[in-house]
Amino acid sequence: MHRYRTHTCGELRKEQIDQTAKVSGWINSVRDHGGIIFIDLRDHYGLTQVVIDPAQPFYKGVEHWRVESTVCFIGKVVARIPDAVNPRLPTGEIEIVAEEMEMLGESLVVPFQVAKDEECNEMLRLEYRFLDLRRESLHNNIILRSRIISRMRELMTAEGFMEIQTPILTSSSPEGARDYLVPSRVHPGKFYALPQAPQQFKQLLMTSGFDRYFQIAPCFRDEDARADRSPGEFYQLDMEMAFATQDDVFEVNEHVLHKIFTEFSDKQIDDIPFKRIPFKEAMDKYGSDKPDLRNPLIMQDASELFRGCDFKAFAGVVASGGVVKTIAAKGCAGESRKFFDDMIKFAQSVGSKGLGYLRWIDGEIQSPIAKFLSEETLNQLKELGGVGDGDVMFFVADKMKEATEIGAAVRDELGKRLGLIDPDVFKFCWIVDFPMYELDDDGKVEFSHNPFSMPQGGMKDIEEKDPLEILAYQYDIVCNGTELSSGAVRNHNPEMMYRAFEIAGYDRSVVDEKFPALQRAFKYGAPPHAGIAPGVDRIVMLLADEPNIREVIAFPMNQKAQDLLMGAPGNVDHHQIRDLHLKLHLPKKVEKESE
RNA sequence: GGGGGUGUAGCUCAAUUGGUUAGAGCGCCAGCCUGUCACGCUGGAGGUUGCGAGGUCGAGUCUCGUCACUCUCGCCA
């Protein structure tokens, strides 16, 4: 007989009745009836009830066993009496009558209950993550994550991709986020950086002739956390394809994501190919480059209808170059006064001066602003929004950027408040045709996304077009308002790369200095290539229906990038610091604390 | 760095307008109970109301400061 078990706690059925079984696991609960004790024994696979008779020599001690201790039982598998069958347990038709027992690992009193699904504060959960991970919902999330990643590997391999590891210790590069640095012992004063993404390595692999690369890749960025963004580190399904177009990348990702989402969720998934929405259209209609398409509301431009009208607040905005955005919401004219007041308050809370609205009720218009508008204008608005009796149109007037942002927030809020968002669907879309450049706050031309992206018109665009008019083969994939990934067809032409950087104000030497490997590689016959890197954590988060990314990560850090279980970041020995040729210059506040 | 929320027993929460000795459920400890499965019953222990000031006859409740967690803006090409 095996040292610890012949069966797991999830596998015994009627078929094993009369066999002697050995099971090991955690004490999920103890029900002491005085003359008889029931123990639910739990392991990774399930729960099995163990019965302990008073005749057993170990009976006396059992009453005092604490939950979450690990024990081993040997006993006979018996059928439960019909009245005692538990239909909620897969093992509910049998129980084990204990004949021998062994305590394997005693537990202290647990700081929070493991067997019960009770909310518990985050800090405690992170400090005792090993206990939290025993709890059913988190345990299941980690299992789900494992299955998803395993399936991703199968699907990517089936699509002809090879998984290749790229370095974790690499060089710092000036792109994007803040780097995590690792000091070099051998080279005083020099530092490795943890990769923000394997971006340059995967492009180098393309120049090395590997046709289709992928990796479940750890990425490190020293930026602040959000509910859907873990601090420090996260994983991407990183991929790159040689001799490939944007459509090739879309096709592979549609296959893989559609399968993953179909297989790991009961929700309704969009058919492939997924909808493609140009960036500009997304901004106009949804005010966002990651629209939640479950929300049917869209924004429209009503600026011209308000130009020169008697409603000075709006007319003035339009006259000074601003816009009036409108959202038509069907069937909500009957909402209470409070609803509309709350919406106005909400709009103000996100920076709007106000929120205009028109309500069509019983053939009449009810609105604080209707009296300023001509019948003709009202009819034109009605036509624009496609509204009728019982419907409402909301209006936001501001400068383009502000109106867009506020409109997007109002759209989201209306979607939530009016219950328009179907929780049982996944709505995907590709956002395409991102601009290559944008103006930064100082009015300077800057890359708007990835400087390695290919301009859609190639060298011709770079030479001739207004930089702000150049579109890139740069795309995002969005699901239910969550950005799963950005990707791009890369610029593999070294000369075009120099020119693209020049437009953003960087000298040729900057490209050579900052991206020496890529730029050198591109000079030895680079294949055209394209890629993307969907976020694994976010995909699991959507499929697990969890609002917070910590719920799908086994050992997450808190919002301040601390690992409360391991105590990271932590102090190190002075010798270690000396070996690395470092001296600390701590802020005064921290110095005081460590004294 | 800015803004919002939260902080009361080991855990989850309550405590009317500022008013008696800060309560409940779960957990813990002790006892009873032979068919429960969130077992049940009886009893008990457990509190610097995050911390520090202020004001009040009187503060969990009001004011100020501070700390922690969280959400968010900045940031994440």
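The model shown is predicted, which means the values in this text are computed figures rather than measured ones. Lettering follows sequence order; numbering is per chain, from 1.
- As judged by a 4.0 angstrom heavy-atom cut-off over every strand, A:Q559 is placed among the base-contacting residues.
- Nucleotides B:U12 and B:U16 place their C1' atoms 22 Å apart, quoted to the nearest Å.
- Judged by distance alone, with hydrogens and angles left aside, A:R226 brings a side-chain donor or acceptor within reach of the base of B:G74, the pair sitting under 3.5 Å.
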Could you write nucleotides 41-50 of chain B as a row of B, S and -, 5' to 3', where a protein heavy atom under 4.0 Å of any base atom gives B, of only sugar-phosphate atoms gives S, and otherwise -?
----------
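- Note on A:K338 versus A:D341: no salt bridge recorded, every NZ/NE/NH1/NH2 to OD/OE distance being 4.0 Å or above.
- Residue contacts shown for A:S448 are limited to sugar-phosphate atoms, with no base heavy atom under 4.0 Å away.
- In the set B:U36, B:A77, B:C11, the nucleotide with an atom closest to the side chain of A:R80 is B:U36.
- Ranking B:C28, B:C69, B:U36 by closeness to the A:V109 side chain, first place goes to B:C28.
- Distance from the side chain of A:A84 is smallest to B:C37 among B:A38, B:C37, B:C11.
- When the nucleotides B:U72, B:C37, B:G74 are ranked by their closest atom to the side chain of A:A227, B:U72 comes out on top.
- Contact annotation: A:N86 side-chain N/O to B:G35 OP1/OP2 distance is not under 4.0 Å.
- Between A:R490 and the options A:M454, A:M206, A:Q203, A:M497, a side-chain contact (heavy atoms from CB on, under 4.5 Å) holds for only A:Q203.
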Mind listing the N/O atom pairs, protein and nucleotides 2-10 of chain B, below 3.5 Å?
unit_1: B:G10; atom_1: O2'; unit_2: A:P111; atom_2: O; d: 2.9

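- For A:R125 and B:C69, a side-chain-to-base donor-acceptor distance below 3.5 Å is absent, hydrogens and geometry of angles not being considered.
- Of all nucleotides listed (B:C69, B:G1, B:G35), B:G1 comes nearest to the side chain of A:D224.
- Expressed to the nearest 0.5 Å, how far CG of A:L126 lies from CG of A:N121 amounts to 9.0 Å.
- Taking 3.5 Å as the limit, the base of B:G35 and the side chain of A:E95 contain a donor-acceptor pair of atoms between them.
- When the side-chain nitrogen and oxygen atoms of A:Q562 are compared with OP1 and OP2 of B:C69, one or more of them lie within a distance under 4.0 Å.
- When distances run from any side-chain atom of A:R66 to the nucleotides B:C29, B:U70, B:U12, the shortest one goes to B:C29.
- We find that A:E413 and A:K345 are not joined by a salt bridge, their nearest charged nitrogen and carboxylate oxygen being 4.0 Å or further apart.
- A salt bridge does not link A:R80 with A:E93: none of the charged nitrogens is closer than 4.0 Å to a carboxylate oxygen.
- Note on A:N548: only backbone sugar-phosphate atoms sit closer than 4.0 angstrom, heavy atoms only; bases stay farther off.
- As judged by a 4.0 angstrom heavy-atom cut-off over every strand, A:D83 is placed among residues making no nucleic acid contact.
- For the pair A:K560 and B:C69, the criterion of a side-chain N or O lying under 4.0 Å from OP1 or OP2 is met.
- Between A:E68 and A:R42 a salt bridge is recorded (basic side-chain N to carboxylate O distance below 4.0 Å).
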Take A:E223 and A:R229, measure what salt bridge (charged side-chain N to carboxylate O under 4.0 Å, His left out) needs, and give me the verdict at the end.
CA-CA 9 Å; A:E223 296 294 348; A:R229 200 168 81 199; 5.9 Å; no
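- If you check B:U70, B:C75, B:A77 against the side chain of A:Q196, the one that comes closest is B:A77.
- Across B:A38, B:C75, B:C37, the shortest atom-to-atom separation from the side chain of A:R88 is found for B:A38.
- Residues of residues 28-45 of chain A that place a heavy atom closer than 4.0 Å to RNA chain B, in numerical order, are A:S29, A:R31, A:D32, A:H33, A:G34, A:G35, A:I36, A:F38, A:D40.
- An OP1 or OP2 oxygen of B:U36 is reached within less than 4.0 angstrom by no side-chain nitrogen or oxygen of A:Q49.
- In the interface, the side chain of A:R229 is paired with the base of B:C75 through a donor and an acceptor atom under 3.5 Å apart.
- At B:C11, none of the side-chain N or O atoms of A:R135 fall inside 4.0 Å of OP1 or OP2 (strictly under the cut-off).
- When the side-chain nitrogen and oxygen atoms of A:R550 are compared with OP1 and OP2 of B:C71, one or more of them lie within a distance under 4.0 Å.
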